[in-house]
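All values reported here derive from a predicted model rather than from experimental measurement. By convention in this document, chain letters (A, B, ...) are assigned in the order of the sequence lines, proteins followed by strands, and residues within each chain are numbered from 1. Quick note: numbers below take in every heavy atom, side chains included, and nothing from hydrogens, waters or symmetry partners.
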Amino acid sequence: QTQSTIPYFTYGKGLGITSPDSLFQLNIRFRMQNRLGLRTKSESNLDISEVEARIRRLRLRFDGFVYTKKLNYVIQLAFTRSDMDYDDTGFPNVVRDAMVLYNFNKHFTIGLGQTKLPGNRQRVNSSGDLQLPDRSIVNSTFNIDRDFGLQLYYNNSISSLYYVLRGAISSGEGRNFNSSDRGLAYTGRIEFLPLGTFTNNGDYFEGDLARESKPKVSLGLSYSNNQNAIRTGGQLGKFLFAPRDIQTYMADFLFKYNGWAFASEFIKRNANDPITVNDAGEQRHVYVGHGENYQGSYLFKNNFEVIGRYSRVKPDEDLIEIEEIVEQYTLGFTKYLRGHRVKLQSELTYENNNWLNDTEDTGSYIVRFQIEFGI
Amino acid sequence: QTQSTIPYFTYGKGLGITSPDSLFQLNIRFRMQNRLGLRTKSESNLDISEVEARIRRLRLRFDGFVYTKKLNYVIQLAFTRSDMDYDDTGFPNVVRDAMVLYNFNKHFTIGLGQTKLPGNRQRVNSSGDLQLPDRSIVNSTFNIDRDFGLQLYYNNSISSLYYVLRGAISSGEGRNFNSSDRGLAYTGRIEFLPLGTFTNNGDYFEGDLARESKPKVSLGLSYSNNQNAIRTGGQLGKFLFAPRDIQTYMADFLFKYNGWAFASEFIKRNANDPITVNDAGEQRHVYVGHGENYQGSYLFKNNFEVIGRYSRVKPDEDLIEIEEIVEQYTLGFTKYLRGHRVKLQSELTYENNNWLNDTEDTGSYIVRFQIEFGI
Amino acid sequence: QTQSTIPYFTYGKGLGITSPDSLFQLNIRFRMQNRLGLRTKSESNLDISEVEARIRRLRLRFDGFVYTKKLNYVIQLAFTRSDMDYDDTGFPNVVRDAMVLYNFNKHFTIGLGQTKLPGNRQRVNSSGDLQLPDRSIVNSTFNIDRDFGLQLYYNNSISSLYYVLRGAISSGEGRNFNSSDRGLAYTGRIEFLPLGTFTNNGDYFEGDLARESKPKVSLGLSYSNNQNAIRTGGQLGKFLFAPRDIQTYMADFLFKYNGWAFASEFIKRNANDPITVNDAGEQRHVYVGHGENYQGSYLFKNNFEVIGRYSRVKPDEDLIEIEEIVEQYTLGFTKYLRGHRVKLQSELTYENNNWLNDTEDTGSYIVRFQIEFGI
């Protein structure tokens, strides 16, 4: 049993403890999102139809290295009911991330385990690095979430064009499946940063908290092919009554400069014969269609931010009688007390619901307040 | 990434780690209750009818501050089956506390999140600060448990009369609900301490472990109005077949002096039309009625304590055919090894069950032994 | 609140933090097993029938002492779906170990809580100390797992014959039951080490990582009598339709010397009338029968190990139409990077399935790769 000398401590992202002689590093983090939300009955009747009063997320995270600084790990545990995906899957998904990563060099990393797939940017950003209380409806409808498998990461630059390549081969069933069929999921992503890298990895958190002194841009493209998917969203959602192949195409754009941030995403999902039926005549379907999200913000010098967002998801004709077009217009205000770790977030959203075959729109207002708190 | 100097450690209540420059404090605690219990078939037939052999509670707790010492947090996770409330709710309630608190000054605090409501004293006391292996039947029948919402805390004194005011507006559905209806719960509590504050906050743990050198008294009154409650106990219990408004009135008294402690509680619960029925004719009801608990103890100099308790719950006439009057007479012995953190607890209880419309009492004996262990 | 001086740190098995004045010790550990596996459709058709792509185990562990170095604890939490036993029991079994132990002296220890029963050696070894990706089919069919109860541990020597005695009285229902019937489980085990103790407790991990300089042997015998068992495997498995008494007899042998290790186990399980039936005619049965496991390995100087294993389980005649004889021939390769804490494991297994009343064997191949990673 090795012992006694004092470890090396870090405090920047959680509490980091590195053993003498670098045997291992254990970095401990937690965060929670305590949320109050209201939805009105309609756009004219402002009576409250629904109250959202809950711990939306509560996470423990451990990361660091063992044996050599090239051999890293990330573990993330989630304890709230919605984080556990309990209502969709019928079992408690506590494990979110459990990944072992080997860095061959500063350009190339390979990992085995469960973590996020390289999908759309808003999903790849941590839920603890959002500027509004939650991600957009485009993300919730189309994201490809987490999965278990092999992941590759490569970055490099061609003169001043910095780029990132990511790839994954994974089970395709999402988090915490005991066994699956032959149909795997294949995901690839490429990111171009023509104006160089962002300050403090600012392309992976929302809002220009780094106040970029020069304009920075990132352009991302992802493609996912989930073969023999058994859930409505591939890696997410309730169980389909028959497997389907699901293709998802994603493009996103990010710009940051001097407190301003602008981000947009476009996602399209395809599946042949997206509606599955069981013997009792019940239907479950892959959401085929597309979505677009536009999000802009300005951060004042006192770390108060104003955010605007427009999101829209539209189903394909196959789902004309099942899913409606949803649009959201959001105005948000966020006060960052300790960057993204401790912040107060609020939003006012107008949501419009519109059937493809119908002109009778319905609308409602949503108000949310959230404290994000963690280390 | 801030780094390197050694943090400040504390050991009094868990392992406390405060970063240099007071960026944050992380205090880590755990505790478990390992319990063996037996119940006899009746008061004359001493054969064993039921064995309770289990980890009753196993908790992890994190608390401290982030950003400023005024901004505090408490997180508590519970991992045993009964702590998860799994059998009542059908989903795993791991999150017990997740609260962010802001101390305006030494008198006034406001919090948002999930934690205990300001109900009866025995419930507000931590389950790790009990003198007997568990709380009384009065508490288990009538307590208002935890909820998500906004809580206010104010304390001050008028000359030597110290007082505490607490209020909460909460969802009313209890722990870990994703969304709820308009019917919220409103809870208020006032505590009077006419002889001044207790040593080491002794009004929030059982037994006079502080051996008060002067007599100390606390008198508490709580009121809760849970509108449109959907569970049999408001924040607790199985789901009713129709919502009900539930009012709960609570009064409690505490006295401590020189190793002696005496505590009593009176709780009354009302609801109109307390029995709900579904289409299949099944019934679920709000327990309307009242309860009383009397508990006295003496702590010897060697930290061995003798405890006596009498508890009684009586249903209202509405429940005459569903619930019986229950009385418990308990004699307990507790040896405190490291205060409430490490202790050996035992009890012998006689329970008497008596139908309102019947004179045929039944009785049984319960024996329990428990190790409480934690930091 | 005691405070301030720096604790004493250890790094050998997790991160150990001992408070000044030895008030308590908190040792923090984690580990995960990230696994990729394939099974072929048959021995001739090598198409993939099943993919196992998952976090097999992810555990947090806390141990140490509180109050006195004689009063120890072990807590282990498990977060993956299969570790939670969710599919068998229908509730999430997060708590694996929660034990308080008192060491009277270096020979004698008594404990109360939930942990492994003193059954077969491969089960008693931690799943983090295995040389192949998982335990044998003999273990998975017959082991007696964990239970809540009282455990005794005694070790001593008669001249050079070292021996260990273990006993347990436990609920018999396995992990995390709220209450049970009178029928308890009684377990006893004896181990003989005629050539003295193993280096670094090498009789409790697989493979001769200690490279014993002299031959070492351990011989173990266990007996378990689980009265009124309500699950198919006593402490494990789905719920029987009627209780049964289950007896399990276990013998195991271990030899290690100079990088070589050889281990074998024999287990026999009895129950009268092992098949239970419910009103709908469904059957659930206690697996009565026997199994044998032989496992040998050599560890090269570069910490690369080659392992061979043969396992066989055979049901009794009662189950002739329900269970088949299963044999597995396994060849494994393991590279230890930091002992059992960080290692790469692979295996190729041929499985043969054979009905007692039938000569039509079926076979298949299994390939597995696993990263074990922890501190």
Pick from [options]: which one has the most heavy-atom pairs with chain C under 4.5 Å?
options                          : value
N176(A), V66(A), V94(A)          : V66(A)
L184(A), N93(A), D147(A), L77(A) : L77(A)
S170(A), G149(A), S19(A), A98(A) : A98(A)
F24(A), F177(A), F148(A)         : F148(A)

Of the backbone (N, CA, C, O) and the side chain (C-beta and beyond), which part of [X] lies under 4.5 Å from a heavy atom of chain A, both, or neither?
X       : value
I375(C) : side chain
R35(C)  : backbone
D87(C)  : side chain
Y86(C)  : side chain
L38(C)  : neither

Exercise. In terms of heavy-atom pairs under 4.5 Å, which option from G37(C), S82(C), P92(C) contacts chain A the most?
Worked result: S82(C)

Problem set entry | Among the listed options V342(C), T18(C), T80(C), L337(C), the residue most often paired with chain A at heavy-atom distances under 4.5 Å |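 Ranked by contacts with chain A, first place is L337(C).
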
Exercise. For Y67(A), is the NZ or CZ atom of R338(C) found under 6.0 angstrom from the centre of its six-membered ring and inside 45 degrees of the ring axis?
Worked result: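 No cation-pi geometry.
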
Segment of [X] engaging chain C (4.5 angstrom heavy-atom cut-off):
X       : value
Y102(A) : neither
L112(A) : both
I17(A)  : side chain

Exercise. Would you call I75(A) and F30(C) a side-chain contact if the rule is heavy atoms closer than 4.5 Å?
Worked result: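 A side-chain contact exists here, since the closest heavy-atom pair is under 4.5 Å.
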
For this session: Check whether more than 12 heavy atoms from other residues, nucleotides or ligands sit under 6.0 Å from atom NZ of K69(A), and answer yes or no.
Result: no

Exercise. Which atom names give the shortest non-hydrogen contact between M32(C) and M99(A), and what distance separates them?
Worked result: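 Heavy atoms of M32(C) and M99(A) come nearest at CE-O, 3.6 Å.
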
Exercise. Looking at Y11(C) and I6(A), what are the two nearest heavy atoms and their distance?
Worked result: OH-C, 3.6 Å

Exercise. What is the ring orientation for F373(C) with Y73(A), classed by angle as parallel under 30°, tilted 30 to 60°, or perpendicular over 60°?
Worked result: tilted

Let me confirm one number: the [atom1]-[atom2] distance from [X] to [Y], rounded to the nearest 0.5 Å.
X       : Y      : atom1 : atom2 : answer
L23(A)  : L15(C) : CG    : CG    : 11.0 Å
Q114(A) : N34(C) : CD    : CG    : 9.0 Å
L58(C)  : R96(A) : CG    : CZ    : 14.0 Å

